[in-house]
Amino acid sequence: MPVAFRASAIPGGIPTTSFTVTIPASTVADDVLFLAVTNRNSTADPSVTDNDTGGNTWAKVNDGNHNGSLWWKRATSGTAGKTITVSGLTNSSSGVLKVFSGAVTSGNPFTNMSVEDNASGDETHAGFTPNVADEMICASIHNYGNDIAVTNLTCTDPGTL
């Protein structure tokens, strides 16, 4: 089964030091969930938990910069409809949850991570070549400046974002 986007969710309101996101009802066992968290002026990672008792825990994907972090977990049969709580944020924050079906069902579902902390004036991410045939390429972009919109996203291959 090819990897496919299943659903997404965002927090309500205007998040500052914490927020919650409800995991979409369409989520099924073995789906892979990614939660991107942006936190302006952060010096530490946030806490990411949910009320999925007996489910898998959240793990941070990227190293380094605390202003933009990416978290993941694998869904169980009881994950749908549960609430994710992100706390320990320091300032303006935001988040988005993406749910994917069709990923490998054991071990780490992602490879070939390419992470960069692009400072102002260096907004271009270095290229990379995927190391597994037919894999899905996903990007998590965190703009943690003072309410500056991201207006132009492009990539050369696999195509325009």
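Along the sequence shown, the residues carry numbers beginning at 1.
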Please find the pair of heavy atoms, one from [X] and one from [Y], that lie closest to each other, and give the distance.
X: W71; Y: V61; answer: C-CG2, 4.2 Å
X: T57; Y: K73; answer: O-CB, 3.4 Å
X: G102; Y: V3; answer: O-CG2, 3.7 Å
X: S69; Y: K60; answer: CB-CE, 3.7 Å
X: T27; Y: P24; answer: OG1-O, 2.9 Å
X: L97; Y: V21; answer: CB-CG1, 4.0 Å

Just verifying a value: how many Å separate [X] [atom1] and [Y] [atom2], rounded to the nearest 0.5 Å?
X: N39; Y: S18; atom1: CG; atom2: OG; result: 11.0 Å
X: D50; Y: N56; atom1: CG; atom2: CG; result: 9.5 Å
X: I14; Y: S94; atom1: CD1; atom2: OG; result: 12.0 Å

Consider only side-chain heavy atoms of I, L, V, M, F, W and Y, link residues closer than 4.5 Å, and tell whether [X] and [Y] are in one cluster.
X: V96; Y: V32; result: no
X: I10; Y: L89; result: no
X: F5; Y: F34; result: yes

Legend entry - Donor-acceptor pair, side chain of N51 and main chain of T83, under 3.5 angstrom: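 Present.
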Inset, instruction - Without swapping roles, check the side chain of N62 against the backbone of L70 for a donor-acceptor pair under 3.5 Å. - result: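 Side chain of N62 to backbone of L70, a donor-acceptor pair under 3.5 Å: yes, one is there.
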Inset, instruction - Report yes if some heavy atom in the side chain of L33 is under 4.5 Å from a heavy atom in the side chain of W72; otherwise report no. - result: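 They are not in contact (no side-chain heavy atoms under 4.5 Å apart), so the answer is no.
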Legend entry - Matching residue for I84 among T22, T49, T20, V48 - test: side-chain contact (heavy atoms from CB on, under 4.5 Å):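 Of T22, T49, T20, V48, side-chain contact (heavy atoms from CB on, under 4.5 Å) with I84 is met by V48 alone.
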Inset, instruction - Could I get the full list of side chain to side chain contact (heavy atoms under 4.5 Å, CB included) partners for P15, not counting sequence neighbours? - result: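 Counting only residues at least two positions away or on another chain, P15 forms a side chain to side chain contact (heavy atoms under 4.5 Å, CB included) with P11, F19, S93.
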Inset, instruction - Check side chain to side chain donor-acceptor pair (under 3.5 Å) between T79 and all other residues, then give those that pass, not counting sequence neighbours. - result: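 Side chain to side chain donor-acceptor pair (under 3.5 Å) check on T79 returns D52, T76.
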Inset, instruction - Using a strict 4.0 Å threshold on nitrogen-to-oxygen distance, state whether R74 and D31 make a salt bridge. - result: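 No, this pair does not count.
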